[in-house]
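When reading the values below, keep in mind they use all heavy atoms of this one structure, side chains included, and skip hydrogens, waters and symmetry mates. Keep in mind it's a predicted model, so treat the numbers as computed, not measured.
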Amino acid sequence: MFTYTEAQLKQWKQKYGEKHVFEIVIEDKKCLLHKPTRQDISYATAGSNQGKDSAKFVELLAKQCWIDGDREIIDDDDYFLSLAPVMEAMVETKKAEIKKL
């Protein structure tokens, strides 16, 4: 299983933001991903037939957000299929309201 040091984690948090680095553990594999940016989401959408191919979207987004870890999480279908719901949870958004005036 992939491991990292506290110094590495500190460096990644400085690069991507204190609350924007996520550790993903799937059974015996682990990786670190950063929170997707608008550009990451745009790239994944464009490369996945405008988001119509959801598996390709998740794959491209995971590759864009990849920091380090066990590559089997992206390369092996059994691990990859567990990654999809986690990717959605990483994209926390603020709640917006609309008011008709």
Would you please name every residue forming a salt bridge (Lys or Arg N to Asp or Glu O under 4.0 Å) with Lys63, sequence neighbours left out? Glu59

Is it possible for you to say whether Met90 and Leu32 belong to one hydrophobic cluster, with membership spreading through side-chain heavy-atom contacts below 4.5 Å? no

Inter- and intrachain pairs under salt bridge (Lys or Arg N to Asp or Glu O under 4.0 Å), touching residues 4-21, at least two apart: Lys13-Glu18

For Glu23, give me all partners under side chain to side chain donor-acceptor pair (under 3.5 Å), at least two apart in sequence or on another chain. Tyr4

Show me the donor-acceptor pairs, under 3.5 Å and distance only, between side chains in residues 66-81 and residues at least two apart or in other chains.
| unit_1 | atom_1 | unit_2 | atom_2 | d |
| --- | --- | --- | --- | --- |
| Asp70 | OD1 | Phe2 | N | 3.4 |
| Asp70 | OD2 | Phe2 | N | 3.1 |
| Asp70 | OD2 | Lys30 | N | 2.9 |
| Asp76 | OD1 | Asp78 | N | 2.8 |
| Tyr79 | OH | Asp28 | OD1 | 2.5 |

Honestly curious: do Leu83 and Leu60 fall in one hydrophobic cluster under the side-chain, below-4.5 Å linking rule? no

For the residue pair Gln64 and Pro36, establish whether any side-chain heavy-atom pair is separated by less than 4.5 Å. no

Under the side-chain contact (heavy atoms from CB on, under 4.5 Å) rule, collect the residues that match up with Thr3, sequence neighbours excluded. none

Would Ile26 and Leu61 show up in the same hydrophobic cluster when neighbours are defined by side-chain heavy atoms closer than 4.5 Å? yes

Is there a donor-acceptor contact under 3.5 Å from the side chain of Glu88 to the main chain of Pro85? no

Residue pairs involving residues 33-42 (criterion salt bridge (Lys or Arg N to Asp or Glu O under 4.0 Å); sequence neighbours excluded): none

Could you tell me whether the side chain of Asp53 and the main chain of Lys56 form a donor-acceptor pair under 3.5 Å? yes

Report the distance from atom SG of Cys65 to atom CD1 of Ile24, rounding to the nearest 0.5 Å. 10.0 Å

Identify, with sequence neighbours excluded, every residue that meets side-chain contact (heavy atoms from CB on, under 4.5 Å) alongside Thr45. Ile41, Gln50, Phe57

Here the ring-ring contact (aromatic ring centres under 6.0 Å, His included) pairs for residues 19-45, sequence neighbours left out, are Tyr16-His34

